[in-house]
**Student:** 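Got a structure for you, written out below as structure tokens; questions coming shortly.
These values consider heavy atoms only, across backbone and side chains, with no hydrogens, waters or symmetry-generated copies.
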Amino acid sequence: MHKFWMALAAATLMTGAHAVDLPTFKVTIKDGTISPTRFEAPAGQRFKIEITNAGKSPAEFESIQLRKEKVLGPGVTSFVVVNATSPGEYVYFDDFHPQARGTVVVK
């Protein structure tokens with residue numbers, strides 16, 4: 001049984017180290033604006049989008065194409081992890097302010 005727990009601990013450490021190595025892209029949402037409005041991410045590889053709501057009202061990062069959404073209160077930072085994706089352009093937006101839009105270009 002001891003070997004089981006050692007293997008589980010090793011697997012957990014390896015998983016944690018892998019998460020740190022993910023390419024990370026930062027997106028800021030602020031009261032109806034989103035920045036950057038365009039960034040490039042690697043195709044066929046997982047990546048992380050770190051989202052900050054720098055505004056005074058709630059925001060919702062959403063991408064229907066990437067199947068990701070995250071609601072953030074004012075001043076909150078969080079993230080989503082995007083699984084390996086094919087090359088293309090994927091739209092993201094603030095669902096509470098739909099005019100605030102951006103595009104992830106996966107190459």
**Student:** Would you mind reporting whether Asp31 and Lys56 have side-chain heavy atoms less than 4.5 Å apart?
**Tutor:**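 A side-chain contact under 4.5 Å exists here.
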**Student:** To the closest 0.5 Å, what do you measure between OG1 (Thr52) and NZ (Lys30)?
**Tutor:**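 These two atoms lie 12.0 Å from each other.
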**Student:** Rounded to the nearest 0.5 Å, what's the gap from CD1 on Ile51 to OG1 on Thr77? Could you check?
**Tutor:**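 OG1 of Thr77 is found 9.5 Å from CD1 of Ile51.
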**Student:** Is Lys107 close to Pro87 at the side-chain level, that is, under 4.5 Å between some pair of heavy atoms?
**Tutor:**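 No, their side chains stay 4.5 Å or more apart.
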**Student:** Any side-chain heavy-atom pair from Phe47 and Leu22 closer than 4.5 angstrom?
**Tutor:**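 Counting from C-beta outward, Phe47 and Leu22 never come under 4.5 Å.
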**Student:** Is the shortest heavy-atom distance from the side chain of Leu66 to the side chain of Thr85 under 4.5 Å?
**Tutor:**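 Yes, at least one pair of side-chain atoms sits under 4.5 Å.
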**Student:** Compare all side-chain heavy atoms of Tyr92 with those of Ile34 and state whether any distance is below 4.5 angstrom.
**Tutor:**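 Tyr92 vs Ile34: side chains touch.
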**Student:** Which heavy atom of Glu60 sits nearest a heavy atom of Phe96, and at what distance?
**Tutor:**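 The answer is N-CD1, 3.6 Å.
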**Student:** Working to the nearest 0.5 angstrom, can you tell me the gap between Arg101 CZ and Thr33 OG1?
**Tutor:**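 Output value for this atom pair is 14.5 Å.
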**Student:** Is it the case that atom NZ in Lys68 sees more than 12 heavy atoms from other parts of the structure closer than 6.0 Å?
**Tutor:**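 Enclosed: over 12 neighbouring heavy atoms sit under 6.0 Å from NZ of Lys68.
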**Student:** Is the shortest heavy-atom distance from the side chain of Asp95 to the side chain of Glu69 under 4.5 Å?
**Tutor:**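 No. Closest side-chain heavy atoms not under 4.5 Å.
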**Student:** Measuring from Ser57:OG to Leu72:CG, what's the distance to the nearest 0.5 Å?
**Tutor:**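 So the OG of Ser57 and the CG of Leu72 are separated by 11.5 Å.
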**Student:** If you take all heavy atoms of Phe61 and Val80, which pair is closest and at what distance?
**Tutor:**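 Looking at all heavy atoms of both residues, the shortest contact is CE2-CG2, 4.2 Å.
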**Student:** Assigning hydrophobic clusters by single linkage (Ile, Leu, Val, Met, Phe, Trp, Tyr; side-chain heavy-atom cutoff under 4.5 Å), is Ile64 placed with Val82?
**Tutor:**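 Shared cluster, no.
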**Student:** What are the two closest heavy atoms between Ala84 and Gly44, and how far apart are they?
**Tutor:**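 Residues Ala84 and Gly44, closest heavy atoms: CB-C, 3.6 Å.
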**Student:** Should Val27 and Val106 be counted in the same cluster of Ile, Leu, Val, Met, Phe, Trp and Tyr side chains packed under 4.5 Å apart?
**Tutor:**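 Yes, Val27 and Val106 fall within the same hydrophobic cluster.
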**Student:** How long is the straight-line distance from CG of Asn53 back to OG of Ser78, given to the nearest 0.5 Å?
**Tutor:**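 Rounded to the nearest 0.5 Å, the OG-CG separation comes out at 11.0 Å.
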**Student:** Measure the CD-OG1 distance between Glu40 and Thr103 for me, rounded to the nearest 0.5 Å.
**Tutor:**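 Glu40 CD to Thr103 OG1: 11.5 Å, rounded to 0.5 Å.
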**Student:** Over 60° means perpendicular and under 30° means parallel, so classify the ring planes of Phe39 and Phe25, tilted if in between.
**Tutor:**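 It falls in the parallel class, under 30°.
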**Student:** Mark yes or no: Lys48 above the aromatic ring of Phe79, with NZ or CZ under 6.0 Å from the six-membered ring centre and no more than 45 degrees from the axis.
**Tutor:**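 Judged by the rule (NZ or CZ under 6.0 Å from the ring centre, within 45° of its axis), Lys48 counts as positioned above Phe79.
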**Student:** Do Pro23 and Gln45 have side chains that get closer than 4.5 Å, going by heavy atoms?
**Tutor:**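 Touching, per the 4.5 Å side-chain cut-off.
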**Student:** Heavy atoms, side chains only, cut-off 4.5 Å: are Glu89 and Arg38 in contact?
**Tutor:**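 They are in side-chain contact.
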**Student:** How close do Lys26 and Pro36 get, counting heavy atoms only, and between which atoms?
**Tutor:**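 So the two residues come closest at O-CD, 3.2 Å.
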